[in-house]
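Because the structure is predicted, anything quoted here is derived from the model rather than measured. Worth knowing before you read on, the calculation uses all heavy atoms, side chains too, and leaves out hydrogens, waters and symmetry mates. Labels below follow one simple rule: chain letters A, B, ... track the order of the sequence lines, proteins then strands, and each chain is numbered from 1.
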Number of protein chains: 2
Amino acid sequence: MEREQGALILRRLGLKATPRRLEVMQCLVGERMYLSADEVWNRIRVRLGSIGLPTVYRILDELAEARVITRIFSADRKQYFFMCANQEHHHHFVCDSCRRVVDFAQCGLEGLAGEIASSTGGRVLSHILQVNGLCAECSRTESEVAR
Amino acid sequence: MEREQGALILRRLGLKATPRRLEVMQCLVGERMYLSADEVWNRIRVRLGSIGLPTVYRILDELAEARVITRIFSADRKQYFFMCANQEHHHHFVCDSCRRVVDFAQCGLEGLAGEIASSTGGRVLSHILQVNGLCAECSRTESEVAR
DNA sequence: GTATAAATAAAAATAACTTTCATTTACATG
DNA sequence: CATGTAAATGAAAGTTATTTTTATTTATAC
Ligand SMILES: [Mn+2]
Ligand SMILES: [Mn+2]
Ligand SMILES: [Zn+2]
Ligand SMILES: [Zn+2]
C-alpha cells in the first residue's frame, strides 16, 4: 500500500493521517497471517522509534470499526487482526496451525437471514462466519509427520 | 432437567456427578438467555450455600468442551454460555438487545467446506457461525420507541 | 503561522480469567 | 457399609490482555 493511499483511506474515515496509523496499516497490508496488537506493536516500533501499545490498540479498533481490517476469532480469546485487499462482504478460512488467512467469497447467508427473520419474527443485523482448519501447506506437513 | 438425567450425562463424560456440576447444569437448562460465568455463579451460590468462581469456570469449560453447552460470541469479548436441548449440529440466532438465543438447524456449510478444501488444498476442521440481530420482542419494542 | 481538535505517551488501573495447593468428596471396590 | 484413591473444590494469589486517565504533542484547516 502506497503511503498516500493509506492517507486517503484514513481521511475518508475522518481520521488524521498520522505516521502511527500509516505504519499500522503498512504492517498489516499484504501480511497473510493474522496478528495480535502486541505483534503489530513489536513490528512497527522498530521502524517508528517508539509507539505506545495503547495507541496500537486504539488504531486497530478504529480500523476494525471502519472495516478496513477484520477481527479473527481464536481459541485463546485474544484479539487478532487481518487486512484483506478484498473490500466486498466475505469471510475467512483460517489455518489453526500457521495462522494463514484465506478469503472466500461465498457467504450464502442472505437466504438464512430471511428464513430466521420470518420464522422468528425478529430482525437479522449481522453474522459471524469463520471456517477453521489446516491450510494446504500445514495439511501436507501433518501428513508427513504422521508417516 | 431431572437431577438423575444430569448425573447420567456427567458420568457418560467420565465426570463425577457433584452437586456443583448438577447446579450449573440446572441453572443453564431451560434458560433462554446466554449467561456469563459470573452470572451463573451468582445464581447458584444462593442455592448451594457456597461455591468458588474458579469452580464455575472449570465446570463451564468442561461442559463446553464436551459440547453439553455452547459458547456465545459477544462484542465485549467475555465468555458466555448457553445450553440447548437440541444436540444435533446447529447454530444460534442471538438477540443483541436482550441476549435471547434461538436455535436454527440450517447450517449449509458442508458444501462450503468442500469448496474450500478443493480450492485451497487445505482441510476444514471446524467453523463458527452466529447470526445476530433483534428478537421478535425487541424488534417490536424498538419500533415503538422510534414512533 | 496559528488555533484547535484530535492523537499520543506513560503510567496506572481494570477485570476477566487462571493457577496453585491444601482440603474435601464421589464412588469403586471388597 | 467401610475405605482408598483419584478427582473435585475453595481460597488466595497471580496473570495478562486490554483500557483509562491526563498531560503533552501534532495534523490540518484557515
Ligand atoms: Mn457473510
Ligand atoms: Mn454449522
Ligand atoms: Zn497453515
Ligand atoms: Zn431480544
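You'll find that the side chain of B:P54 is closest to C:dT19, out of D:dT18, D:dA8, C:dT19. Of the candidates D:dA27, D:dT19, C:dT8, the closest approach to any side-chain atom of A:K16 belongs to D:dA27. When each of D:dT20, C:dC17, C:dA26 is scored by its nearest atom to the side-chain atoms of B:P19, the top-ranked nucleotide is C:dA26.
One atom, CG of A:D61, and another, C1' of C:dT8, lie 15 Å apart when rounded to the nearest Å. The distance from atom CD of B:Q79 to atom C1' of D:dA17 is 14 Å, rounded to the nearest whole Å. Here the P atom of nucleotide C:dA16 and the NZ atom of B:K78 are 5 Å apart, to the nearest Å. If you measure from atom CD1 of A:I51 to atom C1' of C:dA9, you get 10 Å, rounded to the nearest angstrom. The interatomic distance linking B:D76 (CG) with D:dA17 (C1') rounds to 14 Å, in whole Å. The interatomic distance linking A:R21 (CZ) with C:dA9 (P) rounds to 11 Å, in whole Å. Rounded to an integer number of Å, the gap from CG of A:D38 to C1' of D:dT18 is 11 Å. Rounded to whole angstrom, the span from the CD1 atom of A:I44 across to the C1' atom of C:dT8 amounts to 13 Å.
At C:dT8, one or more side-chain N or O atoms of A:T18 fall inside 4.0 Å of OP1 or OP2 (strictly under the cut-off). When the side-chain nitrogen and oxygen atoms of A:Y57 are compared with OP1 and OP2 of D:dT18, one or more of them lie within a distance under 4.0 Å. Here A:R45 does not reach the OP1 or OP2 of C:dA9: none of its side-chain N or O atoms lies under 4.0 Å away. Close to C:dC17, at under 4.0 Å from its OP1 or OP2, lies a side-chain N or O of A:R77. Dashed line: the shortest gap from a side-chain N or O of A:R11 to OP1 or OP2 of D:dT28 is under 4.0 Å.
Among the atoms of the strands shown, none is found under 4.0 Å from any heavy atom of B:S36. Nucleic acid contact for B:A37: none, since no nucleic acid atom lies under 4.0 Å from a heavy atom of the residue.
When the nearest nucleotides of DNA chain D are assigned to A:R58 and B:G14 by heavy-atom distance, the more 5′-ward of the two goes with B:G14.
Side chain of B:S74 to backbone of B:R77: no donor-acceptor contact under 3.5 angstrom is found.
Few gaps surround CD on B:E39; more than 12 heavy atoms of other groups in view lie less than 6.0 Å from it.
With no hydrogens or angles considered, no side-chain donor-acceptor pair links B:T55 and B:R20 at under 3.5 Å.
Between A:F104 and A:H90, the distance separating the two ring centers is not shorter than 6.0 angstrom. Between A:F82 and A:Y34, the distance from one ring center to the other does not fall under 6.0 angstrom.
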